[in-house]
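Since we're looking at a predicted model, the values are computed, not measured.
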Amino acid sequence: MGQQSFIYSFVARGTMVLAEYTEFTGNFPSIAAQCLQKLPSSSNSKFTYNCDHHTFNFLVEDGFAYCVVAKDELSKQISIAFLERVKADFKKRYGGGKASTAIAKSLNKEFGPVMKEHMRYIVNHAEEIEKLIKVKAQVSEVKSIMLENIDKAIDRGENLTVLSDKTENLRSQAQEYKKQGTQVRRKLWYQNMKIKLAVLGIVLLLVLIIWLSVCHGLDCTD
């Protein structure tokens, strides 16, 4: 994958392009401008259009549109990753000030080279970025499964309060079972000691009887 995977990029306020960058010639700026005119300006979202083996990717947020044209073999996720970096950098440099007052293409000289550097970075780290995107997707999938399981529990009539109450009841029952088990063990221990003491008493009594019998027969007195 080379930097030529990215063809053209711009940042616009509404439909006014404030900064753009490309190293190629072609009709993609005009096509991108036509796509820009069709974007809903009030929504924050992502859009992708396909034309002549190229993708026209847009990220719209807070009245600004970020665009990159790429060859269609480049994944949409990589193009969006590029737009996210451009958006963050642009807002950091110009947000709340110059971005709201700049005229058409007045930021070309300042921000054009910045977009070039972001293109180079994304292309050079495409493999790591794709791996990170996959991990995030897996995390989102696990989260969706958990939410789905909660929804199913609610559909069965077991809302979160009921589940919490059931958990608390189980905990109370476990404590009660533990208490009863301790009492039973203590009772068995007492019974066991009683039996042992009774046996010991009988043994001592037998020993005493035998000793007295022996002494009586042998006249143990001096």
Side-chain angles (χ1 to χ4, degrees), residues 1-137 139-140 143:
M1 183 186 298
Q3 189 171 341
Q4 63 271 20
S5 298
F6 288 121
I7 307 300
Y8 171 69
S9 181
F10 71 67
V11 179
R13 184 182 68 244
T15 58
M16 179 187 294
V17 176
L18 305 179
E20 64 180 355
Y21 171 78
T22 185
E23 293 182 351
F24 302 89
T25 58
N27 63 345
F28 37 84
S30 62
I31 297 176
Q34 292 174 21
C35 294
L36 178 63
Q37 297 291 331
K38 300 177 182 179
L39 294 179
S41 58
S42 60
S43 65
N44 293 347
S45 190
K46 304 177 182 69
F47 304 90
T48 298
Y49 302 97
N50 295 282
C51 180
D52 193 23
H53 305 295
H54 291 81
T55 59
F56 292 73
N57 306 276
F58 292 86
L59 172 60
V60 180
E61 186 174 299
D62 299 331
F64 290 85
Y66 308 86
C67 171
V68 65
V69 181
K71 292 186 177 180
D72 58 5
E73 66 261 21
L74 192 69
S75 70
K76 177 183 175 181
Q77 289 81 0
I78 294 297
S79 294
I80 296 300
F82 166 78
L83 294 177
E84 291 285 0
R85 286 181 64 87
V86 170
K87 180 197 72 175
D89 201 338
F90 184 83
K91 292 178 69 174
K92 181 180 179 181
R93 292 170 184 264
Y94 308 113
K98 205 169 184 178
S100 60
T101 59
I103 61 176
K105 300 184 180 180
S106 61
L107 300 180
N108 274 357
K109 186 176 180 180
E110 293 180 23
F111 202 66
V114 175
M115 289 189 283
K116 178 182 179 179
E117 288 303 314
H118 286 309
M119 286 181 179
R120 179 178 296 142
Y121 176 87
I122 293 295
V123 167
N124 291 339
H125 298 82
E127 185 176 350
E128 299 96 302
I129 292 172
E130 286 182 335
K131 289 181 180 178
L132 180 60
I133 291 172
K134 288 181 180 179
V135 171
K136 288 183 177 180
V139 172
S140 297
K143 182 179 178 181

Please report the C-alpha distance between Tyr21 and Met119 in whole Å, then the side-chain angles of each, then the deciding distance to 0.1 Å, and finally whether the side-chain contact (heavy atoms from CB on, under 4.5 Å) criterion is met.
CA-CA 10 Å; Tyr21 171 78; Met119 286 181 179; 3.9 Å; yes

Looking only at atom types and distance, does a side-chain atom of Arg13 sit under 3.5 Å from a main-chain N or O of Ala99, one as donor and one as acceptor?
yes

Under 6.0 Å from the ring centre and within 45 degrees of the ring axis: does the NZ or CZ of Arg93 meet both conditions for the six-membered ring of Phe111?
no

Option among Lys105, Lys109, Lys116 that satisfies the salt bridge (Lys or Arg N to Asp or Glu O under 4.0 Å) test with Glu20:
Lys105

Please name the pair of heavy atoms, one in Val69 and one in Ala32, separated by the smallest distance, quoted to 0.1 Å.
CG2-CB, 4.5 Å

Test: Glu84 and Lys87 ion pair at under 4.0 Å:
yes

According to the interplanar angle, ranging from 0 to 90°, do the rings of Phe82 and His118 count as parallel (below 30°), tilted (30 to 60°) or perpendicular (above 60°)?
perpendicular

Using 0.5 Å steps for rounding, measure from the CG atom of Leu36 to the CE atom of Met16.
11.0 Å

From Lys38 NZ over to Tyr49 OH, what is the distance, rounded to the nearest 0.5 angstrom?
7.5 Å

Give, for atom CD1 of Ile78 and atom CZ of Phe6, the distance between the pair rounded to the nearest 0.5 Å.
7.0 Å

Yes or no on side-chain contact (heavy atoms from CB on, under 4.5 Å) for Val11 and Met115, after CA distance, side-chain angles and deciding distance?
CA-CA 10 Å; Val11 179; Met115 289 189 283; 4.3 Å; yes

For the side chain of Thr48 and the backbone of Asn57, is there at least one donor-acceptor N/O pair under 3.5 Å apart?
no

Using only atom types and a distance under 3.5 Å, with no angle test, would you say the side chain of Asp72 pairs donor to acceptor with the backbone of Thr55?
no

Are any side-chain N or O atoms of Asn124 and backbone N or O atoms of Arg120, one a donor and one an acceptor, separated by less than 3.5 Å?
yes

How far apart are the C-alpha atoms of Leu18 and Phe64, what are their side-chain angles, what is the distance that settles it, and do they pass the side-chain contact (heavy atoms from CB on, under 4.5 Å) test?
CA-CA 10 Å; Leu18 305 179; Phe64 290 85; 4.1 Å; yes

Between atom SG of Cys67 and atom CG of Leu83, what is the distance when rounded to the nearest 0.5 Å?
7.0 Å

Minimum heavy-atom distance between Cys51 and Ile31, given as atom pair plus value
SG-CD1, 4.1 Å

Please report the interatomic distance OG(Ser79) to CZ(Phe56), rounded to the nearest 0.5 Å.
11.5 Å

Interatomic distance, NE2@His54 vs CD@Glu73, rounded to 0.5 Å, equals 8.0 Å

Give the minimum heavy-atom separation between Ser106 and Ala102, together with the two atoms involved.
OG-CB, 3.4 Å

Should we count CD of Glu128 as having more than 12 external heavy atoms under 6.0 Å?
yes

